[in-house]
Novice: 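My structure is below; once you've seen it, I'll send some questions.
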Amino acid sequence: MKITIIAVGKIKEKYLKDAILEYEKRLSKYAKLSIIEAEDERTIEQASLNEQALKKEAGRILRLLKPDTQKHKMQKHKMLVIALEITGKTMDSEAFAAYLDQMATAGNSHITFIIGGSLGLHQSISEIADLSLSFSAMTFPHQLMRVILLEQIYRAFRIMGGEPYHK
């Protein structure tokens, strides 16, 4: 399976970089992982300017998606797009693992996760996603969300493989 994470913004903190490297190493046993960073926009107090910033970030995300991803809803492609959003569907780890397993069984050999920047994601990204997924009603820094996502993907593979995992 191929997993792509498109994330807005760069990771600056060493402790987060180290955690990401650790999960990349752990996941290499289960999937081919790639993390692609999109440039983020500065947060501005005016809502209309933030909407413009979200549109710019969305444009960057869309350019990073493979051409077949943008058309996946119209055609039968083996790609699944999951947008991480606070208003998305929530699942526990077992349900997330079952969902990924179902999607893989259905022929989705490539899963792309999208993590927005500090402003979230523009509606155009939500519209192309096969699933909007929320990890919590709480707000997390988008840089930390990358680590949390990697940990949950790793946990899901352990669950799917019947391997022990920490509860």
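No hydrogens, no waters, no symmetry mates; every other heavy atom, side chains included, goes into these values.
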Novice: Enter the distance from E57:CD to D40:CG here, rounded to the nearest 0.5 Å.
Specialist: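 Going from the CD atom of E57 to the CG atom of D40 covers 6.0 Å.
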Novice: Going by the angle between their ring planes, with limits at 30° and 60°, are Y30 and F157 parallel, tilted or perpendicular?
Specialist: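 Taking F157 first and then Y30, their aromatic rings lie parallel (interplane angle under 30°).
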Novice: Does the side chain of I5 reach to within under 4.5 Å of the side chain of L150, using non-hydrogen atoms?
Specialist: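 Touching, per the 4.5 Å side-chain cut-off.
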Novice: Considering non-hydrogen atoms only, spot the tightest contact between E39 and V8 and give its length.
Specialist: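 Answer, listing the atom of E39 first, then V8: O-CG1, 4.1 Å.
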Novice: To check you understand the geometry: which heavy-atom pair defines the closest contact between M1 and A104, and what is its length?
Specialist: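 Heavy-atom minimum between the residues: CE-CB, 3.2 Å.
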Novice: State the CD-OG distance between E151 and S93, to the nearest 0.5 angstrom.
Specialist: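 The distance works out to 6.5 Å.
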Novice: Which atoms form the tightest heavy-atom contact between I115 and L149, and what is the distance?
Specialist: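 Nearest heavy atoms, I115 then L149: CD1-CD2, 3.9 Å.
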Novice: Enter the distance from Y23:OH to R155:CZ here, rounded to the nearest 0.5 Å.
Specialist: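 It comes to 7.5 Å.
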Novice: Who passes salt bridge (charged side-chain N to carboxylate O under 4.0 Å, His left out) against K10, sequence neighbours left out?
Specialist: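 Scan of K10 (salt bridge (charged side-chain N to carboxylate O under 4.0 Å, His left out), adjacent residues dropped) gives E37.
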Novice: Side chains of I61 and H122, heavy atoms from C-beta outward: is any pair under 4.5 Å?
Specialist: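 Contact flag for I61/H122 side chains = no.
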Novice: Applying side-chain contact (heavy atoms from CB on, under 4.5 Å) between I114 and each of L121, L64, L84, I82, report the one that passes.
Specialist: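 It is L121; the other options fail the test.
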Novice: Measure the CD1-CZ distance between I6 and R63 for me, rounded to the nearest 0.5 Å.
Specialist: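 If we round to the nearest 0.5 Å, I6:CD1 and R63:CZ are 12.0 Å apart.
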Novice: D92: which residues meet the salt bridge (charged side-chain N to carboxylate O under 4.0 Å, His left out) condition with it, sequence neighbours left out?
Specialist: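 Not a single residue meets the salt bridge (charged side-chain N to carboxylate O under 4.0 Å, His left out) criterion with D92.
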Novice: Just by distance, do the side chain of N108 and the backbone of M103 share a donor-acceptor pair under 3.5 Å?
Specialist: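 Judged by distance alone, yes, a pair lies under 3.5 Å.
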Novice: Distance check, rounded to the nearest 0.5 Å: F96 atom CZ versus T90 atom OG1?
Specialist: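 Result: 12.5 Å between the selected atoms.
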Novice: Give, for atom NZ of K12 and atom CD of Q143, the distance between the pair rounded to the nearest 0.5 Å.
Specialist: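 Atom-to-atom, K12:NZ and Q143:CD are 6.5 Å apart.
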Novice: Is there a chain of hydrophobic side chains (I, L, V, M, F, W, Y, each step under 4.5 Å between heavy atoms) that links L27 to L21?
Specialist: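 Result: no, two separate clusters.
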Novice: What about M91 and I86, same hydrophobic cluster or not, with Ile/Leu/Val/Met/Phe/Trp/Tyr joined at side-chain heavy-atom distances under 4.5 Å?
Specialist: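 They do not share one cluster, since no chain of ILVMFWY contacts under 4.5 Å joins M91 to I86.
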Novice: Is it possible for you to say whether M160 and I3 belong to one hydrophobic cluster, with membership spreading through side-chain heavy-atom contacts below 4.5 Å?
Specialist: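 Linked, M160 and I3 end up in one cluster.
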Novice: Would one find more than 12 heavy atoms of other residues, nucleotides or ligands at under 6.0 Å from atom CD of Q123?
Specialist: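 Atom CD in Q123 is not packed in, count stays at 12 or less.
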Novice: What pair of heavy atoms forms the shortest contact from S34 to K2, and how long is it?
Specialist: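 Shortest heavy-atom contact: OG-CE, 4.4 Å.
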Novice: Measuring only between side-chain heavy atoms, which start at C-beta, is R146 closer than 4.5 Å to L16?
Specialist: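 A side-chain contact under 4.5 Å is absent here.
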Novice: Treating Ile, Leu, Val, Met, Phe, Trp and Tyr as nodes and any side-chain heavy-atom pair under 4.5 angstrom as an edge, say whether F135 and Y99 lie in one connected cluster.
Specialist: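 Same hydrophobic cluster.
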Novice: Quick check: closest heavy atoms across R158 and P164, and the distance to 0.1 Å?
Specialist: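 In this case the closest contact between R158 and P164 is NH2-O, 2.8 Å.
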Novice: Kindly give the heavy-atom pair with the smallest separation between L133 and K89, and that separation in Å.
Specialist: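 Result for this residue pair: CD1-O, 3.3 Å.
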Novice: Is there a side-chain contact between I153 and I111 in this structure, where contact means two heavy atoms from C-beta onward sitting under 4.5 Å apart?
Specialist: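 In short, these two side chains do not touch, never coming nearer than 4.5 Å.
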